[in-house]
Asker: 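Take this structure first; my questions come after.
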Amino acid sequence: MKNLTIRAIRAGLAKKEFSALEITQGFFSVIKEKDKEINAFLEINEDLAKQQAILIDEQIKRGEKLGLLAGAPCAVKDAILTFGFKCTAGSRILENYQAPYDATAVKKLRSQGAIILGKTNLDEFAMGSSTEHSAFKITRNPQDLSRVPGGTSGGSTAALSAGECVVALGSDTGGSIRQPASFCGVVGLKPTYGSVSRYGLISHASSLDVIGPLAKNVDDCQIVFEAIKGKDENDATSTDGGKIAPVMGALKDVIIGIPKEYFGEGLEKGTKDIIESAIKKAEKLGAKIEEITLPHSRYALPCYYIISTCEASANLARFDGIKYGLSREGGDLLDVYCQSRGEGIGKEAQRRIMLGTFALSSGYYDAYYLKAQKVRTLIKRDFDKAFEKVDFIFTPVSPFPAFKIGEKIDDPLKMYLSDIMTVPVSLAGLPALSLPAGLDNGLPVGLQIIAKPFNEVGIFQVAKVLE
Amino acid sequence: MLDKNLVKHIAKLGRLALSSESEERMRKDLSSILDYFTMLNEVDTEGIEPFRSPVVLKNIFREDKACDSPKQTKEMIKGQFPFRDCDYLKVKEIL
């Protein structure tokens with residue numbers, strides 16, 4: 001059970017070593033055993049999953065060709081609509097909301113034979129860095145139960161880390177796939193913006209959101225990415241991408257850039273040592289290591305928190321108690337809006353709505369939103385310049401490994417600073433992977449591998465060599 | 001520190017009913033976060049274009065034809081109206 005990969009499941013099914021139903025039941029046993037402690041899942045549905053598994057088993061009996069993810073038990077972050085399940089986005093305002101359709105990414109996974117086990121916990125509306133802002137439960141890091149799994153895709157990474165599923169879907173706006181992947185010791189890809197359809201993803205920030213794959217190893221992560229990517233007519237910002245970068249021969253043909261700004265003060269020693277070992281390993285395998293500079297790095301965090309909150313304030317306006325979700329009768333129409341949102345939306349999401357509303361309001365728009373968008377252009381240019389000289393950029397994912405539950409919850413700004421190394425990549429729309437690189441006193445530490453737009457193929461090649 | 005009335009104004013724009021404790025808490029949190037944002041004033045953005053989108057945006061058109069949805073989907077959506085009257089969604093007076 002523990003060492004099952006997508007390929008092993010598919011091969012085992014084809015050889016009739018086990019059935020899809022047996023695999024599915026096996027994983028539900030693990031969930032029943034472990035999840036009361038971990039709390040990765042918000043909703044599971046054994047009957048629905050068994051139905052899917054039986055269909056796969058019938059396909060095998062008929063000798064039909066199996067999908068690439070046939071029989072693979074999959075968990076989906078509860079911000080991604082999955083028909084047959086609720087979709088709460090971790091919020092009370094959507095506590096009983098039933099998904100009316102499948103997100104494109106989910107539809108694609110199903111068409112390849114994946115078995116959806118359930119929906120995983122997240123920070124409310126994908127706003128946070130620890131999954132502690134969920135309105136429903138605290139998810140614990142399986143590597144150390146007193147610590148957070150990271151966020152906002154903490155439920156998905158915890159489920160993987162605990163062996164409750166084989167693959168998972170998450171979403172990344174400012175680091176929400178990469179950081180929990182790093183904290184839980186799993187592989188997580190933030191794809192290039194636009195490479196995976198956002199249709200069916202409850203929006204946080206429209207110019208930053210991406211759905212991405214999570215898995216226990218690089219190969220599985222890549223298989224899921226290949227299955228979910230692609231232009232979708234339901235998402236006008238989705239694209240098939242530019243030219244695929246030339247296939248890399250070996251690490252000896254590769255130049256890796258190390259930005260000095262990511263290795264200064266604030267980076268914990270344990271993390272620094274592990275990342276430097278990973279860089280040395282790449283060098284031993286033949287890669288050329290070059291120090292680079294991304295001069296506007298320190299401005300990425302305030303830039304991100306202005307832009308994302310502005311976009312979020314617009315995206316969350318639809319949760320108003322009118323068409324669906326929690327609704328308070330109130331006095332007049334304005335009361336319905338204010339009471340429903342006041343009660344149904346949690347503190348952190350409210351804080352971000354307030355920040356975004358302020359920064360977009362008359363008299364402040366130029367100083368905040370417009371200024372941040374100009375700084376964003378400069379941040380993107382830093383990466384463009386660097387990629388003229390190097391093929392990939394290596395950095396830590398986070399300045400520190402998983403922190404204790406409750407440690408940062410009372411200080412919003414302290415929590416925001418967790419994202420310092422992931423947000424620049426988000427602002428630039430680039431692809432980046434978090435690869436487990438070692439343990440710091442038992443706590444996983446991830447290496448961030450950043451590439452040019454649409455060069456996920458290159459990232460996976462490098463990651464496989466270093467895995 | 002942000003003015004209390006400004007916080008009330010933003011809450012109203014954001015359609016959020018906040019208790020007076022929440023308003024005060026919000027005032028403190030927003031003030032410190034907005035202070036942190038002023039760091040961006042250190043950056044010279046003279047002549048720099050604001051970032052538009054990570055992808056090339058162009059308007060995509062379709063035929064001006066009504067498309068139907070499956071009955072099940074329509075029923076799922078209508079079934080989740082907080083206040084429903086037959087096939088109608090009930091709301092408070094708008095005018």
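Naming convention: chains lettered A, B, ... in sequence-line order (proteins, then strands); numbering from 1 in each chain.
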Asker: Side chain, backbone, both or neither: which part of Met26(B) has a heavy atom under 4.5 Å from chain A?
Answerer: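 Side chain only.
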
Asker: With a 4.5 angstrom heavy-atom cut-off, is it the side chain or the backbone of Ser69(B) that approaches chain A, or both, or neither?
Answerer: neither

Asker: Please list every donor-acceptor pair under 3.5 Å in which a side-chain atom of residues 94-101 of chain A meets a protein atom from a residue at least two apart or in another chain.
Answerer:
unit_1   : atom_1 : unit_2   : atom_2 : d
Glu95(A) : OE1    : Arg92(A) : NH1    : 3.3
Glu95(A) : OE2    : Arg92(A) : NH1    : 2.9

Asker: Measuring heavy-atom distances to chain A, does Leu89(B) have an atom under 4.5 Å in its side chain, in its backbone, in both, or in neither?
Answerer: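 The answer is the side chain of Leu89(B).
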
Asker: What part of Phe319(A) is in contact with chain B, defined as an atom under 4.5 angstrom from a non-hydrogen atom: side chain, backbone, both or neither?
Answerer: neither

Asker: Is there any residue in residues 76-84 of chain B with a non-hydrogen atom under 4.5 Å from a non-hydrogen atom of chain A, and which ones are they?
Answerer: Met76(B), Ile77(B), Gln80(B), Phe81(B), Pro82(B), Phe83(B)

Asker: For Arg27(B) and Leu2(B), work out which heavy atoms get closest and say how close.
Answerer: NE-O, 2.7 Å

Asker: Taking side chain as everything from C-beta outward and backbone as N, CA, C, O, which of these in Ile353(A) sits under 4.5 Å from a heavy atom of chain B? Side chain, backbone, both or neither.
Answerer: side chain

Asker: Determine whether a donor-acceptor pair (N or O, by modelled atom type, separation under 3.5 Å) exists between the side chain of Ser340(A) and the backbone of Arg328(A).
Answerer: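 Such a contact is found between Ser340(A) side chain and Arg328(A) backbone.
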
Asker: Roughly how far, to the nearest 0.5 Å, is the CD atom of Glu24(B) from the OG atom of Ser20(B)?
Answerer: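 Spacing of OG (Ser20(B)) from CD (Glu24(B)) equals 9.0 Å.
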
Asker: If you count heavy-atom pairs under 4.5 Å between each of Leu18(B), Asp29(B), Thr73(B) and chain A, which one has the most?
Answerer: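 Heavy-atom pair counts peak at Asp29(B).
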
Asker: Report which part of Arg25(B) has an atom under 4.5 Å of a heavy atom belonging to chain A: side chain, backbone, both, or neither.
Answerer: side chain

Asker: Show me the donor-acceptor pairs within less than 3.5 Å that the side chains of residues 48-55 of chain B make with the rest of the protein, sequence neighbours left out.
Answerer:
unit_1   : atom_1 : unit_2   : atom_2 : d
Ser53(B) : OG     : Val55(B) : N      : 3.1
Ser53(B) : OG     : Val55(B) : O      : 3.1

Asker: What part of Thr237(A) gets within 4.5 angstrom of chain B, counting heavy atoms only: side chain, backbone, both, or neither?
Answerer: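 Interface part for Thr237(A): both.
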
Asker: Side chain from CB out, backbone as N, CA, C, O: work out which of these in Glu329(A) comes under 4.5 Å of a heavy atom of chain B, or both, or neither.
Answerer: both

Asker: Take Asp240(A) and Lys229(A) through the test salt bridge (Lys or Arg N to Asp or Glu O under 4.0 Å) and record every step on the way to the result.
Answerer: CA-CA 8 Å; Asp240(A) 281 324; Lys229(A) 71 176 193 189; over 6 Å; no

Asker: Side chain from CB out, backbone as N, CA, C, O: work out which of these in Leu360(A) comes under 4.5 Å of a heavy atom of chain B, or both, or neither.
Answerer: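 Leu360(A) has no heavy atom closer than 4.5 Å to chain B.
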
Asker: Would you list the atom pairs, donor with acceptor, under 3.5 Å between side chains in residues 331-339 of chain A and any protein atom, with sequence neighbours excluded?
Answerer:
unit_1    : atom_1 : unit_2    : atom_2 : d
Asp332(A) : OD1    : Leu334(A) : N      : 3.3
Asp332(A) : OD1    : Asp335(A) : N      : 3.0
Asp335(A) : OD2    : Gly331(A) : N      : 3.3
Asp335(A) : OD2    : Asp332(A) : N      : 3.1

Asker: Check each atom of Arg298(A) against the heavy atoms of chain B and say whether the ones under 4.5 Å are side chain, backbone, both or neither.
Answerer: both

Asker: Would you call Lys90(B) and Asp85(B) a salt bridge, using N to O less than 4.0 angstrom?
Answerer: no

Asker: Measure Asp44(B) against the heavy atoms of chain A and call it side chain, backbone, both or neither at under 4.5 Å.
Answerer: backbone

Asker: Given a strict heavy-atom distance threshold of 4.5 Å, which part of Tyr305(A) is in contact with chain B: side chain, backbone, both, or neither?
Answerer: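 For Tyr305(A), the contact with chain B is made by backbone and side chain together.
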
